[in-house]
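Within every chain, numbering begins at 1; the chains are lettered A, B, ... in the order of the sequence lines, protein sequences first and strands thereafter.
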Amino acid sequence: MNPQMDVLYMKSFGQVLAIFTRASEPDTIESTPTTFIGDGLHLRGIGDLMDPTIDVVVPPGQLALTRVDLNPAQLLMPRSLRVKDPQNPSALSDFLNAAPPTVAHAAGPPPSLTVTATAVASGTPILALIAAAPAGNPMTITGSFPAPGPVTLTLPSLPPGKYYAVVFVPGYPVGVQNFPI
Amino acid sequence: MTDPIARPGFYEGEVLPAADLTATVDYAREQMARHARYAHSWGIVTGLELKSSTTATAGGQSYAVITVSPGVAIDGTGREIVVPDAVPLNPTDFLNQVFPQPDKTILYPVFLLGLDQAAPASSGLAGACNSSQSTRTQESYNIFYGAPGSELKLSEQALPGFTDGVDDGVTQSWKILLGYVTWDVTSTQTQFTGSVDVNNDNNVGRQYVGVNAAQVVSGSGALVLATHPATATDKNAIMAVKIEEAPNDGQLLFGKLNPDGSIVPVLTVKSTGDVIATGQISGAVTPGSVQVQSGIAFDGMTLPLPLGIDPADVAAGKVTLHIHVSLRMDQLQTPAAVADWEPFPFECHADLATRQLHCRLKWRDMTNPPTQLSPQILPAFCDYTVIAAVAAS
């Protein structure tokens, strides 16, 4: 059996968030990633890279686990990878030079986020995790791009503070933007 | 109070009425039934399989012809049911008894029950024997269909009392499940579409006879338990356990049963206590043992446990974890292509309670003056070792 590496990725969107190896590999991969994420996978080192307190927890329901052949060139750069097909996650790829989606905040009312992704197709789904800075469990907002061009996500009423929007679009790296309320 | 069982007896010169003669037959039959009812569990003894063969109309529409193979069953009252010849299932009977639904995957149970029927009266006899009354009872059977779900709770059918006889199929009956048929209401053919032995939705299938015994003792020096007779032709492998004596030894074997009755052992337990397994032994972790897992892991995730270690046992204190992590400092990806980045350890530890990994580097732009935002604190990889010490008891 070839050495394998286990990959934690966004179930419906494909972005790889963590990779790990096990010297003692099980005969079959676990059916869910629960054992490796606990109450959620902690994303750090996003947004303000100089702020070590940023910690966004990706909910377990958004994550999936797959196993691929060990590739040393991919192993140590998880966040630059995606699974080629989230429904059949047998291979990893980079983002083919796609830029992360950009996120712009409008104070409103109502407050909203406008997300732009280059050359995105109509109907492409989008998921945004909105987390209070510096750490906490985020709320989830979903939608889809109505046409090639930006999509506006309306935010619920939030108490004043600093927030992070972590945005997932299939085929694009993770987009991150902080904004005040 | 129930009367004791009475054994028929006769005396010289007695005028034998029909009831006394019938009692002699019933006594033996009911004794056999009690043995079948209490020393065994009810079910199919042999045969009685739903054999399905696919055929097609002249127009090319396929359907299934289903036949119940000959066989024997013992019902829950101890009645023996013999089907002497193959019986084709009749689609007209099915439509008269069941209202099939549009979903063609629905399984309709097929039941067998014993049924007493008076044989035709004897004829051509002389004198008082030339009666119009029957002198035989045919121990016949009935095959019928049920609605989906009617196969449930068959084991809860009403048992007769200890002194009661077997059912007659009229005043009392006992259903035995033979399998299931399927039907397609959209087909122009009023025919079955297939058959199966087990409903995988509720795991209810054909029940075979069993033995109620505290001891099973062989007089041959060997005892075999097998899932089918050795010569049975079945798509599955026939598995068997054999306990056998030897002059100075004995052993227990488990493995596939060959048609000649021999076993290909994958597990052997000798009388000396030696255990020989040809495959891998896995499962529950041995008390007092130490299990290890190691590898590379990324910041933010939960460290893997050694194989076989249950997180619930860790939480319950039955397993003690010893975790070592160290930052992986080779093959690092710098924050950006430009600038002179140097990595410094920022943190590297795992939460004892959650095994969540905290593993980050602080990257500094060593250019003077720095050309990038610096320092940057980024997630990183660690080499980890998790040692699980399983409590001895």
Nearest heavy-atom neighbours spanning [X] and [Y]:
X	Y	value
B/Pro379	A/Gly45	CD-CA, 3.7 Å
A/Leu41	B/Gly300	CD1-O, 3.5 Å
B/Phe346	A/Pro52	CZ-CB, 3.5 Å
B/Gln293	A/Ala23	OE1-N, 3.2 Å
A/Phe36	B/Met301	O-CB, 3.5 Å

Would you say [atom1] of [X] has more than 12 non-hydrogen atoms from neighbouring residues, nucleotides or ligands within 6.0 angstrom?
X	atom1	value
A/Asp39	CG	no
B/Asp260	CG	yes
B/Asp330	CG	yes
B/Lys318	NZ	no
B/Leu352	CG	no

| Test item: B/Gln333 side-chain N/O and A/Leu76 main-chain N/O as donor-acceptor pair under 3.5 Å | no
| said: Strictly distance-based, threshold 3.5 Å: is any side-chain N or O of A/Ser24 a donor or acceptor partner for the main-chain N or O of B/Leu307? | reply: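 Absent.
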Straight-line distance of [X] [atom1] to [Y] [atom2], nearest 0.5 Å:
X	Y	atom1	atom2	result
B/Ile296	A/Asp6	CD1	CG	12.0 Å
B/Asp299	A/Asp55	CG	CG	8.0 Å
A/Thr21	B/Phe298	OG1	CZ	13.5 Å

| message | Need one label for A/Leu17: side chain, backbone, both or neither, based on atoms under 4.5 Å from any heavy atom in chain B. | response |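 Just its backbone gets close to chain B.
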Between [X] and chain A, with a heavy-atom cut-off of 4.5 Å, which part of the residue counts as in contact: side chain, backbone, both or neither?
X	value
B/Thr354	neither
B/Leu332	neither
B/Val292	backbone

| request: Against chain A, work out which of B/Gln376, B/Arg355, B/Arg360, B/Gln291 has the most heavy-atom pairs shorter than 4.5 Å and name it. | output: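 The option with the most such pairs is B/Arg360.
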| message | I'd like to verify something: which residue of B/Leu303, B/Leu378, B/Leu305 has the highest number of heavy-atom pairs under 4.5 Å with chain A? | response | B/Leu378
| note | Of A/Gly40, A/Pro72, A/Pro78, the largest count of non-hydrogen pairs under 4.5 angstrom with chain B goes to A/Pro78
| Going by heavy atoms in the side chains, are A/Met77 and B/Phe381 under 4.5 Å from each other? | no
| Minimum side-chain heavy-atom gap B/Thr302-A/His42 below 4.5 Å | no
